[in-house]
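First the structure, in the form of C-alpha cells, and then the observations on it.
Everything numeric in this text was worked out from a predicted model, so none of it was measured. Here, residue 1 is the first one in the sequence, and each next residue gets the next number.
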Amino acid sequence: MIATLESGASLQFRPLTTRNWADLEELFGPRGACGGCWCMTWRLSHAAFQRNKGARNKQAFHGIVASEEPTGVLAYSAGKPVGWCAVAPREAYVRLENSRVLKPVDDQPVWSVSCFYVARPYRRTGLTQALLEAAVEYARQRGAKIVEGYPQDLQKDLPSAFVWTGLLPTFRKVGFKEVVRRSPTRPIMRKELHAQEGGFAV
C-alpha cells in the first residue's frame with residue numbers, strides 16, 4: 001500500500017514480520033517507543049506489564065511477531081521506518097477485556113486498533129491518518145469485518161505520548177462511527193469493512 005502526505009512525501013506500508021523486525025527496533029529506539037512498552041500495554045495485565053517493562057516486553061512482542069499472529073503495520077518514507085500502528089483481533093488485547101470504559105460493545109468479532117507511534121519529525125503531518133487507513137486494509141485482507149478504535153476526544157492539547165490511541169477527528173476522517181461512549185473523552189469507534197482488492201508490499 002502506498003500513500004502521500006500533504007508535504008508530498010511518499011509512504012509505503014508493510015506488515016510487521018521477523019524480516020523487518022529491525023525496522024521496528026530502529027523506530028522504537030532504546031526506550032521501546034514509550035517507557036519500555038514495546039507495544040505490549042494492551043496485551044498484558046497491568047501488573048504483568050509493569051514487571052516486564054523494557055527487555056522482557058521486547059522479547060515477548062518479538063515472540064508474538066515470530067508466531068505470525070497479526071500485530072500491525074509499519075510506515076516507511078524514503079526506505080526509513082517512520083510510523084507504526086498496532087492492529088489485531090480484539091481478543092489479543094487482554095487489558096481491553098478488563099476495562100470498564102472499553103469493555104466489549106457486543107459479541108461481534110472485531111479487530112482493534114490499539115496504538116500509534118510516529119517518529120518525531122513526522123508528527124502532525126497526516127501520517128497517523130495514513131497509518132489508520134493502512135491498518136484497516138491490513139485487517140480487511142485478513143478477514144476482519146469490523147475494525148474498532150479507542151481515540152481520545154481531547155478537551156485540550158496533550159503531548160503525543162498521551163494520545164497514543166489516536167484522536168477522534170482522525171478516526172472520523174477514515175470513516176469510523178461512534179458506537180458507544182462510557183467516558184466523556186474516550187468513545188469507541190467502529191468501521192464496517194467490505195471485501196475489496198488491495199495489497200501490501202512484503
Side-chain angles (χ1 to χ4, degrees), residues 1-16 39 41-42 69-77 82-93 96-97 99 101-119 122-155 157-158 160 162-202:
M1 180 174 171
I2 299 174
T4 304
L5 294 177
E6 293 177 4
S7 66
S10 179
L11 299 171
Q12 287 188 317
F13 300 90
R14 299 189 183 102
L16 178 62
C39 216
T41 302
W42 292 113
E69 292 181 35
T71 53
V73 294
L74 283 164
Y76 294 81
S77 180
V82 296
W84 160 254
C85 181
V87 59
R90 184 186 162 107
E91 56 266 25
Y93 299 120
L96 281 177
E97 298 303 306
S99 169
V101 173
L102 302 179
K103 63 186 179 181
V105 173
D106 51 36
D107 60 0
Q108 295 192 80
V110 302
W111 282 51
S112 296
V113 174
S114 63
C115 74
F116 299 88
Y117 184 79
V118 173
Y122 287 83
R123 294 172 188 172
R124 300 179 185 272
T125 65
L127 176 54
T128 301
Q129 181 179 335
L131 273 165
L132 180 55
E133 290 168 347
V136 168
E137 183 59 27
Y138 172 80
R140 186 202 313 274
Q141 291 178 22
R142 284 153 183 79
K145 304 300 183 185
I146 301 172
V147 177
E148 203 171 73
Y150 318 101
Q152 295 202 49
D153 186 3
L154 293 185
Q155 310 303 312
D157 282 343
L158 289 174
S160 298
F162 293 95
V163 292
W164 48 276
T165 56
L167 296 174
L168 179 59
T170 302
F171 280 77
R172 283 180 172 159
K173 288 175 184 176
V174 180
F176 283 72
K177 306 295 183 185
E178 183 172 334
V179 291
V180 71
R181 186 183 293 233
R182 304 184 183 107
S183 162
T185 61
R186 184 57 67 84
I188 293 180
M189 310 287 289
R190 279 186 174 180
K191 182 178 175 72
E192 294 190 9
L193 308 185
H194 306 283
Q196 69 178 42
E197 292 188 6
F200 280 91
V202 179

Val147 vs Arg140, side chain to side chain contact (heavy atoms under 4.5 Å, CB included): CA-CA, chis, key distance, verdict: CA-CA 9 Å; Val147 177; Arg140 186 202 313 274; over 6 Å; no
What residues, two or more places apart in sequence or in another chain, satisfy side chain to side chain donor-acceptor pair (under 3.5 Å) together with [X]?
X	answer
Thr71	none
Thr128	none
Thr41	none

Flag the pair [X] / [Y] as yes when at least one side-chain heavy-atom distance between them is below 4.5 Å, and no otherwise.
X	Y	answer
Tyr138	Pro70	yes
Glu137	Val73	no
Leu131	Tyr122	no
Glu148	Met189	no
Ile188	Arg182	yes

Salt bridge (Lys or Arg N to Asp or Glu O under 4.0 Å) partners for Glu192, two or more places apart: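 For Glu192, no residue satisfies salt bridge (Lys or Arg N to Asp or Glu O under 4.0 Å) once neighbours in sequence are set aside.
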Contacts of Glu91 that satisfy salt bridge (Lys or Arg N to Asp or Glu O under 4.0 Å) - sequence neighbours left out: none
Donor-acceptor contact present, side-chain Lys191 to main-chain Val136, <3.5 Å: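 Pair absent, no side-chain N/O of Lys191 close to backbone of Val136.
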How close do [X] and [Y] get, counting heavy atoms only, and between which atoms?
X	Y	answer
Glu178	Arg172	OE1-NH2, 4.4 Å
Leu168	Pro187	CD1-CG, 4.0 Å
Ala144	Leu193	O-CD1, 3.6 Å
Phe13	Ala75	CE2-CB, 3.5 Å

Qualifying residues under side-chain contact (heavy atoms from CB on, under 4.5 Å), relative to Pro104, sequence neighbours excluded: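 Result, side-chain contact (heavy atoms from CB on, under 4.5 Å) vs Pro104: Arg90, Glu97.
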Set of residues satisfying side-chain contact (heavy atoms from CB on, under 4.5 Å) with respect to Gln108, sequence neighbours excluded: Asp106, Ile146, Arg190
Calculate, to the nearest 0.5 Å, the distance between atoms [atom1] and [atom2] belonging to [X] and [Y] respectively.
X	Y	atom1	atom2	answer
Tyr150	Ser99	OH	OG	9.5 Å
Thr185	Gln152	OG1	CD	6.0 Å
Leu127	Thr170	CG	OG1	10.5 Å

Residues Trp111, Arg142; criterion side chain to side chain contact (heavy atoms under 4.5 Å, CB included); working and verdict: CA-CA 10 Å; Trp111 282 51; Arg142 284 153 183 79; 3.6 Å; yes
Partners meeting ring-ring contact (aromatic ring centres under 6.0 Å, His included) with Phe116 (sequence neighbours left out):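 Counting only residues at least two positions away or on another chain, Phe116 forms no ring-ring contact (aromatic ring centres under 6.0 Å, His included).
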Ring geometry between Phe171 and Phe176 (parallel below 30°, tilted from 30 to 60°, perpendicular above 60°):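 Perpendicular, since the angle between the ring planes exceeds 60°.
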Polar side chain donor-acceptor pair, Tyr93 to Ser112, under 3.5 angstrom: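 Per modelled atom types, Tyr93 and Ser112 side chains form no pair under 3.5 Å.
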